[in-house]
Engineer: 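I am attaching a structure below and will ask some questions about it afterwards.
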Amino acid sequence: MHRLLLVQCRNYCHTQAIASNSQISQFARLGQIQNARRVFDEMPKKNVTSWNSIITGYFQNHLPNEGQCMFDQMPERNIVSWNGLISGYVKNRMVKEAREVFDKMPQRNVISWTAMVRGYVEEGFVEEAEALFWQMPEKNVVSWTVMIGGLIQEGRVDEARRLYDMMPVKDVVVRTNMICGYCQEGRLDEARDLFDRMPKKNVVSWTAMVSGYAQNGKLDIARKLFEVMPEKNEISWTAIIISYVQYGRFEEAWKLFEVMPVRTTPACNAIILGIGQNGEVAKARMVFDLLKEKDDATWSAMIKVYERKGYELEALDLFHQMQVDRFRPNFSSLISILSICASLASLNYGREIHAQLIRTECDDDVYVSSVLITMYIKCGDFVKAKLIFDRFSPKDVVMWNSIITGYAQHGLGDEALEVFREMCSLGITPDEVTFVGVLSACSYTGKVKEGQDIFDSMNSKYQMEPGSAHYACMVDMLGRAGRLNEAMDMINKMTAEADAIIWGSLMGACRMHMNLDLAEVAAKKLLQLEPQNSGPYVLLSNIYASKGKWADVASLRKSMQSREVVKSPGCSWLEADKEVHMFTGGESMPHPEHESILKILEKLSPMLREAGYIPDGSFALHDVEEEEKLHSLNYHSEKLAVAYGLLKLPQGMPIRIMKNLRVCGDCHSAIKLIAKVTGREIILRDANRFHHFKDGHQARPLIIASMQPSGLEFHLLELVS
DNA sequence: GTAGGGTTAG
């Protein structure tokens, strides 16, 4: 009787220990190492498995020191304990420590060897892995699989196949691995052959084959296979959705996303990026909000969408929120935020992000450096931009493009051409973007001859077919120079249809040179291509009004109303007295000091006229009486901002203004003269580029320390909210 | 499902 009780008691204790050990592992897997430890501590009788479980738990939770410490304290060890230590170090990317354990352990089995081979494979030390693999006293299907995986990882698929053929016994895992290897190299037929000959397929092998087709652009085959696979899991769904997004097939991606049974984080991340970049920003945000388990990529996907779609403030807000939710700013979110600093010309915030990149050692990267260069240039700090550019080596074409485009945007045509020539002399082949940069530099600075030569060289020297952006530059260049007929010839010469940007360039040039006939042609084309763009309506209406064709004016008005075309309100801002002041055209939202601003403009008026200023009503957007039209010109936001700068900023300090739209032609000539008669330097950044005014010229920019004083982003947030 | 080695998405 006693004996029976004792046995029962032992069984009970044994069962209890199993339950507790299992709990330890479960907690550890969930990342709750403290709970795991509590269960461990509370066990009345721990066995070697309890110790092994808690040690593995520490390594899983990236606490290798604690794991080693527990190992050192163990009352007894078995081979599982030693193997656990090896794989623990491997998981923590400490292959050297793993090897020390491997060399020190009293006995090894096939698992010890395989774990060690795996350790080398993970670190990319495939030579070491191979050496060890061939020394193994015995191999099993797992060991072969690990080695084959290492070779595949290195792109050595044929060698992997040789090993695969040598294996005495193959199972579904190694077959799937080999299939993936072929898929990664785009060798789909060989993958498919293995797949078809598999004696037993599982969901993983199906998914591997589906994703193999999908990743190689064979989406329709992938989809067919996906439809017929006997069982799907979240990974299968995610794989095909991500591929649809990657190949720009957002509709199909969304349709599948809607019906997938379990939505995973990677699928949501891809969908946010896909539909967001496709313009459905609100829907993307909905997916973002509904996703409970966000990861780094979720946040950066949404931030990127906001950045790409021009929602700067929302992006900054989310970037802030991301950190409130304890996500460290990651590489891709920092890049998005840098682009936003560039578009807001917020140098100080940009510098902060730069510092953050340096701290996290993410700055030594060709991609980051290019974005940094763009940021510094758009914020007006050429010196810093050039410094980063000069220091980085080797530069890729994107980095060259960053600096060339940057110079172009500041009207520094000579510098842009110089860098372009340097690039070519170093043997870097320019791409489409390079030519857009160089041609626009030529256009802004009136270098028609150089521009034409470079345009011609695209085809003759680089075998590159000019695209619509290049034609737009040429039309702009010829148009600015007043060679409107040549610009029109350029358009007619195009093989493809001219787009809205090209006709817009022609229209702008016609307006500049008062060629009403061609302007009408361009505006009518533009009307068809962009019915929501208010520009051509206004211009046509002005043309008709100037000819007294009032019936045409009225019908334009009508179609504008029926299509609900609205002119997006112009808005300029500048910093004075440590505050950002915003100006809108018209009188709907006057600045508190509106009266004083008007007085300044009134005072300036005779001085400007004397300096040769003729108000140009053709830029005004209403077909009102001429007198009134000229009056409303004075209300353009950029002029108000300049006047306010004159009022508030001390003499000698440059007046820096930003505008959300392109500066109007009248304001351009007026501000040029304001700079002259007041002796002030004025830097205006509009939606398109920078304008530097000094001594009555569109000046060459000096080095500008800061385009925008501190705190802009937060002021903007306040202004909007 | 008590502890140690391998496959599919990112």
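Source: prediction; values computed, not measured. Letters A, B, ... mirror the listed sequences (proteins, then strands); counts begin at 1.
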Engineer: Taking the six-membered ring for Trp, are A/Y306 and A/Y311 parallel (under 30°), tilted (30 to 60°) or perpendicular (over 60°)?
Structural biologist: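 Aromatic pair A/Y306/A/Y311 classed tilted.
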
Engineer: Going by distance alone, is a donor N or O of one side chain under 3.5 Å from an acceptor N or O of the other, for A/Q68 and A/D72?
Structural biologist: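 Distance-only check passes for A/Q68 and A/D72.
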
Engineer: Please give, in whole Å, the distance from B/dG4 P to A/I24 CD1?
Structural biologist: 12 Å

Engineer: What nucleic acid atoms does A/N269 come within less than 4.0 Å of, heavy atoms only: base, sugar-phosphate, or nothing?
Structural biologist: nothing

Engineer: Give one of base, sugar-phosphate or nothing for A/S25, where a contact means two heavy atoms less than 4.0 Å apart.
Structural biologist: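 A/S25: backbone/sugar contact only, no base atoms under 4.0 Å.
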
Engineer: What is the distance, rounded to the nearest whole Å, between atom CZ of A/F71 and atom P of B/dG4?
Structural biologist: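 Between P of B/dG4 and CZ of A/F71: 15 Å.
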
Engineer: When all nucleic acid strands are considered with a 4.0 Å heavy-atom cut-off, which category describes A/R29: base, sugar-phosphate, or nothing?
Structural biologist: base

Engineer: Could you give the CD-to-P distance, from A/Q26 to B/dA3, as a whole number of Å?
Structural biologist: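 Result: 9 Å.
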
Engineer: Taking the inter-plane angle between the rings of A/F327 and A/W299 on a 0 to 90° scale, is it parallel (under 30°), tilted (30 to 60°) or perpendicular (over 60°)?
Structural biologist: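 Because their plane-to-plane angle lies in the 30° to 60° range, the rings of A/F327 and A/W299 count as tilted.
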
Engineer: Any luck finding a side-chain donor-acceptor pair between A/N52 and A/N21 under 3.5 Å?
Structural biologist: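 Per modelled atom types, A/N52 and A/N21 side chains form no pair under 3.5 Å.
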
Engineer: For nucleotides 5-10 of chain B, give me one character per nucleotide, 5' to 3': B if any protein heavy atom sits under 4.0 Å from the base, S if the only such contacts are to the sugar-phosphate, - if neither.
Structural biologist: BBBBBB

Engineer: Return yes if some donor-acceptor pair links the side-chain N/O of A/N269 with the main-chain N/O of A/I272 below 3.5 Å, else return no.
Structural biologist: no

Engineer: Whether A/D41 and A/R37 form a salt bridge (side-chain N of Lys/Arg under 4.0 Å from carboxylate O of Asp/Glu) is what I want to check.
Structural biologist: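 Judged by the 4.0 Å cut-off on N to carboxylate O distance, A/R37 and A/D41 do form a salt bridge.
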
Engineer: What is the distance, rounded to the nearest whole Å, between atom CD1 of A/I86 and atom C1' of B/dG4?
Structural biologist: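 Atom CD1 in A/I86 sits about 9 Å away from atom C1' in B/dG4.
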
Engineer: So, does the side chain of A/N78 form a donor-acceptor pair with the base of B/dA3 at under 3.5 Å?
Structural biologist: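 Indeed, a donor on one side and an acceptor on the other fall under 3.5 Å apart.
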
Engineer: Give, ordered by number, those residues of residues 190-199 of chain A having at least one heavy-atom distance below 4.0 Å to an atom of DNA chain B; if nothing qualifies, reply none.
Structural biologist: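 Correct list: empty, so none.
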
Engineer: Got a second to check how far A/D158's CG is from A/I152's CD1, nearest 0.5 Å?
Structural biologist: 11.0 Å

Engineer: Roughly how many Å is it from CD1 in A/I55 to C1' in B/dA3, rounded to a whole number?
Structural biologist: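 Taking CD1 of A/I55 and C1' of B/dA3, I get 10 Å after rounding.
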
Engineer: For A/F195 together with A/W206, are the ring centres under 6.0 Å from each other?
Structural biologist: yes

Engineer: Is it true that A/S236 and A/N233 share a donor-acceptor pair across their side chains at a distance under 3.5 Å?
Structural biologist: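 The criterion, which ignores hydrogens and geometry beyond distance, is satisfied for A/S236 and A/N233.
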
Engineer: Under 4.0 Å, counting only non-hydrogen atoms across every strand here, what does A/L85 touch: a base, just sugar-phosphate, or nothing?
Structural biologist: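 Nothing, no heavy atom under 4.0 Å.
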
